[in-house]
Amino acid sequence: MLSVIVQYLLSPIVFPLTFLLPAVCFFVSRRYVWFSILLTVLVEILINWDNFCYYESRGLMIFVTVIQIIVMTILILILKAVDLKRKR
């Protein structure tokens, strides 16, 4: 299961959404960095709409999207912690 999650997070479309978008949003405007999670979820729903509608893969897509949100949240919190240490 872990290999499926890692493989999904490293796919060409998901990787920039999960790792690059929060970093870019953080460096552009730190106040609106949390909106990158909402933007990513909306893009994921649009891209994978067929998988979300198909009853057999719906649970897996919801699970993978929640994992993606958790990874993004951890990345944003790490960026904020590094920024706080740098300001001191």
Side-chain angles (χ1 to χ4, degrees):
M1 186 62 138
L2 183 62
S3 65
V4 171
I5 293 170
V6 170
Q7 184 179 11
Y8 179 76
L9 289 175
L10 294 178
S11 67
I13 294 174
V14 178
F15 180 79
L17 289 174
T18 305
F19 297 104
L20 298 180
L21 183 65
V24 169
C25 288
F26 182 78
F27 291 118
V28 170
S29 177
R30 286 171 175 80
R31 187 175 5 168
Y32 300 115
V33 70
W34 294 105
F35 287 115
S36 65
I37 293 176
L38 177 65
L39 181 64
T40 299
V41 170
L42 290 175
V43 170
E44 281 293 320
I45 290 173
L46 289 175
I47 290 173
N48 295 313
W49 182 251
D50 291 339
N51 291 331
F52 279 107
C53 290
Y54 188 60
Y55 70 96
E56 287 183 351
S57 64
R58 184 179 303 138
L60 180 63
M61 287 308 298
I62 291 171
F63 177 72
V64 170
T65 304
V66 168
I67 295 296
Q68 184 178 5
I69 292 170
I70 291 169
V71 168
M72 289 179 70
T73 304
I74 292 170
L75 179 68
I76 290 171
L77 291 174
I78 289 171
L79 287 172
K80 285 188 175 264
V82 168
D83 188 46
L84 284 175
K85 284 186 178 182
R86 195 175 65 201
K87 285 185 178 180
R88 289 184 191 178

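We number each residue from 1, following the sequence as shown.
- Residue Leu79 holds its CG atom at 5.5 Å from CZ of Phe27, rounded to the nearest 0.5 Å.
- Tyr32 pairs by the side-chain hydrogen bond (donor to acceptor under 3.5 Å, both in side chains) definition with nothing, not counting sequence neighbours.
- The other residues sharing a hydrophobic cluster with Val43 are Ile13, Leu17, Leu21, Leu39, Ile47, where clustering joins ILVMFWY side chains under 4.5 Å apart.
- Identified under the ring-ring contact (aromatic ring centres under 6.0 Å, His included) test for residues 54-88, with sequence neighbours left out: none.
- Summarising the hydrophobic clusters (Ile, Leu, Val, Met, Phe, Trp, Tyr; side-chain heavy atoms under 4.5 Å, direct or chained), the residues clustered with Leu84 are none.
- Ion pairing between Lys80 and Asp83 fails under the 4.0 Å rule for side-chain N and carboxylate O.
- If you take CG on Leu75 and CD1 on Ile70, they are separated by 14.0 Å, rounding to the nearest 0.5 Å.
- The neighbour count for Trp49 CH2, taken as heavy atoms of other residues, nucleotides or ligands under 6.0 Å away, does not exceed 12.
- Within the hydrophobic cluster formed by Ile, Leu, Val, Met, Phe, Trp and Tyr side chains joined at under 4.5 Å, directly or through other members, Val24 is accompanied by Val28.
- When the salt bridge (Lys or Arg N to Asp or Glu O under 4.0 Å) test is applied to Arg58, no partner is found at least two apart in sequence or on another chain.
- Connection of Val6 to Val71 is established within a shared hydrophobic cluster, with ILVMFWY side chains joined at heavy-atom distances below 4.5 Å, either directly or through further cluster members.
- Screening Thr40, Val41, Leu77 against Met72 for a side-chain contact (heavy atoms from CB on, under 4.5 Å) leaves a single residue, Thr40.
- Between Thr65 atom OG1 and Asn51 atom CG the span is 9.5 Å, to the nearest 0.5 Å.
- Ser11 and Tyr8 make their closest contact through OG-O, 2.9 Å (heavy atoms, listed as atom of the first residue, atom of the second, distance).
- By the criterion of side-chain heavy atoms lying less than 4.5 angstrom apart, applied directly or through intervening Ile, Leu, Val, Met, Phe, Trp or Tyr residues, Phe15 is grouped together with Leu2 in one hydrophobic cluster.
- When the options Leu9, Ile69, Ile37 are evaluated for a side-chain contact (heavy atoms from CB on, under 4.5 Å) with Thr18, the one that passes is Leu9.
- Ile76 is not connected to Phe35 by any chain of hydrophobic side-chain contacts under 4.5 Å among Ile, Leu, Val, Met, Phe, Trp and Tyr, and they are in different clusters.
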